[in-house]
Participant: 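Right, I'll just put the structure down here and ask away after.
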Amino acid sequence: MPINYSLGLKTAAPGKKSPQKKIYASAQYTQRVKTETMARDVAKHSFAGNRGMVGAVISAVVDYMREQLLDGKRVDLGDLGTFYCTINCRGADSVESFTPARNIEGLTVKWRPGKQFRDLGKQARYKLVGKRNSQRQQKRLSKQMMREALDTTAESGAEEEA
């Protein structure tokens, strides 16, 4: 299955004033895979065979990762990759004027891909699609046309019976 993308006009470096905008691709996902779906699918491909058990393991791993990250640790999951935190911070004029409450604005979880994910771009196929808004509009229009076609079919069937 290809990776869908749309094209948009953006500045070269987000956040910086750049006089020239260029066309960039943005990935468009086709669906969101939730834990329940992942558990079911992993259970099909594993020794566990029980989606409830796999779901519980996934949930436990998420809880464990969260605890470790909040404890200032990196979490290395082998081929999946490494998860770690970076601090979002506003600069202070001096060490003495720096306070976490005033200068630290948040925490971002980052992911460094492992071996299985490093070369996905080389293996992927790509397909140009519309932006999400235009995809939703197209889906609505398609449903509306289908309803109208069904209504027309029902009406013509009723006329033939009469």
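We count residues from 1, following the sequence as given.
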Participant: Which heavy atom in Q28 sits nearest to a heavy atom in G130, and how many Å separate them?
Facilitator: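 Heavy atoms of Q28 and G130 come nearest at CG-O, 4.2 Å.
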Participant: Check for me, please, whether L80 and I58 land in the same ILVMFWY cluster - side-chain distances under 4.5 Å, paths through other members count.
Facilitator: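 They do not share one cluster, since no chain of ILVMFWY contacts under 4.5 Å joins L80 to I58.
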Participant: Would you list the pairs meeting side chain to side chain donor-acceptor pair (under 3.5 Å) in which at least one residue belongs to residues 53-71, sequence neighbours left out?
Facilitator: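 As it turns out, the side chain to side chain donor-acceptor pair (under 3.5 Å) pairs with a partner in residues 53-71, which skip direct neighbours, are Q68-K73, D71-K73.
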Participant: Write down the atom of P100, the atom of F98, and the distance for their closest heavy-atom approach.
Facilitator: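 The answer is N-CE2, 4.0 Å.
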Participant: Quick one: do F117 and V75 end up in the same hydrophobic cluster if we chain Ile, Leu, Val, Met, Phe, Trp and Tyr together by side-chain heavy atoms under 4.5 Å apart?
Facilitator: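 Yes, same cluster.
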Participant: Determine whether L107 and I87 make a side-chain contact, defined as any pair of heavy atoms from C-beta on separated by less than 4.5 Å.
Facilitator: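 With C-beta onward as the side chain, the pair touches.
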Participant: Could you name each residue pair satisfying salt bridge (charged side-chain N to carboxylate O under 4.0 Å, His left out) that touches residues 93-114, not counting sequence neighbours?
Facilitator: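 As it turns out, the salt bridge (charged side-chain N to carboxylate O under 4.0 Å, His left out) pairs with a partner in residues 93-114, which skip direct neighbours, are R90-E105.
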Participant: Output all residues satisfying side chain to side chain contact (heavy atoms under 4.5 Å, CB included) with V57, sequence neighbours left out; order by chain, then residue number.
Facilitator: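 Result, side chain to side chain contact (heavy atoms under 4.5 Å, CB included) vs V57: V61.
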Participant: Quick check: is L70 connected to W111 through a chain of hydrophobic side chains (ILVMFWY, heavy atoms under 4.5 Å apart)?
Facilitator: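 Hydrophobic grouping puts W111 apart from L70.
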Participant: Please give me the minimum heavy-atom distance between C85 and L69, naming the atom from each residue.
Facilitator: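 In terms of heavy atoms, the two residues are closest at SG-CB, 3.9 Å.
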Participant: Heavy atoms, side chains only, cut-off 4.5 Å: are M65 and V109 in contact?
Facilitator: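 They are not in side-chain contact.
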Participant: Considering residues at least two apart in sequence or located in another chain, which fulfil the side chain to side chain donor-acceptor pair (under 3.5 Å) criterion with D79?
Facilitator: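 D79: no side chain to side chain donor-acceptor pair (under 3.5 Å) contacts found.
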Participant: What's the shortest heavy-atom distance between R118 and P113, and which atoms?
Facilitator: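 Minimum heavy-atom separation between R118 and P113: NE-O, 3.5 Å.
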Participant: Using ring pair (Phe, Tyr, Trp, His ring centres under 6.0 Å) as the criterion, list what pairs up with Y5, not counting sequence neighbours.
Facilitator: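 None.
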Participant: Considering residues at least two apart in sequence or located in another chain, which fulfil the side chain to side chain contact (heavy atoms under 4.5 Å, CB included) criterion with D76?
Facilitator: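 Result, side chain to side chain contact (heavy atoms under 4.5 Å, CB included) vs D76: T82.
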Participant: Of all the heavy-atom pairs spanning S97 and A92, show the shortest one and how long it is.
Facilitator: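 Residues S97 and A92, closest heavy atoms: OG-CB, 3.7 Å.
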